[in-house]
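Inspection log for the structure reproduced underneath, given as structure tokens.
Here is the naming used below: chain letters follow the sequence lines, and residue numbers restart at 1 for every chain.
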Protein chains: 2
Amino acid sequence: MKQITKYIIKNSLKRIFLYRACLVRLRLMGVEKVFSYTLANETGVTSEQVRKDFSEFGIKGNKRGGYDINDLLEKMEKIFHRNKDHNLVLIGMGNLGLALSKYSKFVQRNMNIVATFDIDPFKQKQRSDIPVYSMDRLKEIVDRFRVKVAILAVPEISAQEVADKLIRHGIKGIVNFAPVLLKVPQDVIISNVNLCDELESVIYYVHKQIKVDGLKNLELLYKDMKY
Amino acid sequence: MKQITKYIIKNSLKRIFLYRACLVRLRLMGVEKVFSYTLANETGVTSEQVRKDFSEFGIKGNKRGGYDINDLLEKMEKIFHRNKDHNLVLIGMGNLGLALSKYSKFVQRNMNIVATFDIDPFKQKQRSDIPVYSMDRLKEIVDRFRVKVAILAVPEISAQEVADKLIRHGIKGIVNFAPVLLKVPQDVIISNVNLCDELESVIYYVHKQIKVDGLKNLELLYKDMKY
DNA sequence: TATATTTTGTGATTTGTTTCACATCAATTT
DNA sequence: AAATTGATGTGAAACAAATCACAAAATATA
């Protein structure tokens with residue numbers, strides 16, 4: 001029943017986010033129309049890739065005319081359910097949890113942390129603007145705000161236990177900052193953010209690069225990276 | 001010269017990190033030997049995948065005997081340069097930067113943040129154990145500690161400018177938390193951590209899942225996720 | 001109105017990754 | 001000592017993703 005489900009966010013979806021960020025920036029600059037190669041240049045992919053990605057998500061442009069930025073962004077909003085607000089809970093108000101609770105970008109993108117939870121809610125309460133509750137009020141909050149997605153920033157030792165509780169109370173998606181592979185039912189979406197792994201990957205590639213003395217053998221190196 | 005280079009950390013490398021975490025845990029439990037399918041079960045991949053990944057990184061076991069955990073971990077340490085210490089700098093002591101500067105897991109894995117930097121070093125100094133400098137001391141520190149990798153946690157507006165400065169002073173790898181695509185020379189490794197995108201991806205998949213009423217049409221859903 | 005131009009959208013092809021299938025080897029049993 | 005068992009390691013096959021190449025459409029030009 002409960003099993004390891006490792007969902008790796010599709011690369012095409014990641015690219016779509018990239019395009020969107022780029023479109024938002026362009027719109028701010030007053031640009032109204034883009035071509036696939038505009039986006040391609042800005043995001044470091046090929047223009048065919050842009051069009052293929054759009055096609056995958058059912059986004060159409062006008063032949064010769066390219067894409068209308070407003071129209072494009074509107075379509076994306078719809079696809080990513082960005083037209084409505086999303087309520088989140090955050091579990092674990094340690095250093096990282098606290099920082100995440102103050103991360104203003106979430107709000108800017110209609111994602112609201114409605115409550116945070118900690119085993120010691122009183123310790124943190126003063127430092128945060130968002131209410132800090134103890135875990136026994138989880139169900140109440142999740143139900144009241146119809147929360148479907150949680151951010152998990154607890155120590156690794158308690159991550160699985162907390163995840164179980166979240167899922168029992170109806171959470172369907174978790175962004176997990178604890179460096180453990182959570183065992184969850186098949187219908188729960190997990191996205192792991194492992195800070196150490198990110199750093200170690202970079203260190204690994206940097207050392208590899210340094211070893212191939214300077215820029216001599218870049219071709220060889222690139223074969224080892226997925227672009 | 002300077003261009004967008006989007007390095008996506010290879011999936012096989014990510015899996016290797018997974019295996020390692022698993023091995024460390026098993027060793028702690030007193031286990032001394034593993035088979036490819038042990039690791040496979042624990043990490044949610046297939047045993048062939050484990051062996052192929054090992055083969056890619058030149059790791060060999062003993063036929064029939066499986067793998068000796070200590071031996072395996074030692075080999076991995078070497079491959080990932082974990083046998084020596086790595087000095088890092090962290091730029092941007094906002095909420096996130098502060099949390100990262102206190103993240104104890106880095107130290108546990110031989111990655112030491114030797115100094116942090118902020119445009120307003122005095123504001124943050126009291127809150128941190130690690131020295132907080134202003135950017136003009138960057139070169140001095142990078143040279144003294146032979147720093148090759150930086151963590152970038154500055155606002156997106158200044159991310160590119162700071163990245164340029166880092167690279168000018170010899171930084172070869174950056175873990176970038178700012179939601180912008182940095183333009184860097186080809187020989188610089190970038191790993192982007194985009195918190196909003198992670199959350200939005202999860203929200204996207206959760207909604208998709210909810211739409212296919214319950215668990216009816218899971219097959220269809222899974223086609224959209226890379227496992 | 002006809003022609004040329006430009007850009008999309010998508011089958012066909014190539015390239016990359018995962019799974020399959022089995023030869024190979026080492027340990028154990030007979 | 002031979003036969004059997006159970007694991008690794010890896011080419012071959014299947015699958016997935018990215019690139020190529022070009023038809024179709026919309027606009028501009030003559």
For atom CZ of B/Arg51 and atom P of D/dG6, their distance in whole Å:
15 Å

Which word best sums up how the rings of A/His81 and B/Tyr204 line up, parallel for under 30°, tilted for 30 to 60°, or perpendicular for over 60°?
tilted

Any donor-acceptor pair under 3.5 Å between the side chain of B/Lys52 and the base of C/dT19?
yes

Can you measure B/Lys14 atom NZ to C/dT17 atom C1' for me and round it to whole angstrom units?
16 Å

For A/Lys105, salt bridge (charged side-chain N to carboxylate O under 4.0 Å, His left out) partners two or more places apart
B/Glu156

Length of the CZ-C1' vector between A/Phe57 and D/dA17, whole Å
14 Å

Grab the CG-P distance between B/Asn11 and D/dA18 for me, whole Å please.
11 Å

Does a side-chain N-to-carboxylate-O contact under 4.0 Å join B/Asp53 and B/Lys14?
no

Rounded to whole Å, CD of B/Gln49 lies from P of C/dT18 at a distance of 5 Å

Would you say D/dG9 has OP1 or OP2 under 4.0 Å from some side-chain N or O of B/Ser55?
no

For B/Ser36, answer base if it contacts any base atom (sugar-phosphate contacts may also be present), sugar-phosphate if it contacts only those atoms, and nothing otherwise; contact means non-hydrogen atoms under 4.0 Å.
sugar-phosphate

Counting only heavy atoms and a strict 4.0 angstrom limit, can you tell me which residues of residues 58-69 of chain A come near DNA chain C?
A/Lys60, A/Gly61, A/Asn62, A/Lys63, A/Arg64, A/Gly66, A/Tyr67

Whole-Å distance, A/Asp53 CG to D/dA18 P, equals 7 Å

Rounded to the nearest angstrom, tell me the gap between atom CZ in A/Phe35 and atom P in C/dT5.
17 Å

Name the residue closer to the 5' end of DNA chain D, choosing between B/Tyr37 and B/Glu48 according to the nucleotide with the nearest heavy atom.
B/Tyr37

Between A/Asn70 and A/Arg27, do the side chains contain a donor N or O and an acceptor N or O under 3.5 Å apart?
yes

Expressed as a whole number of angstroms, how long is the span from B/Glu56:CD to D/dG11:P?
14 Å

State whether B/Lys33 and B/Asp71 are salt-bridged, where the test is any N-O pair (Lys NZ or Arg NE/NH1/NH2 against Asp/Glu carboxylate O) under 4.0 Å.
no

Ion pair present between A/Arg168 and A/Asp164, side-chain N to carboxylate O less than 4.0 angstrom?
no

Closer than 4.0 angstrom, basic N to acidic O: yes or no for A/Lys10 and A/Glu56?
yes

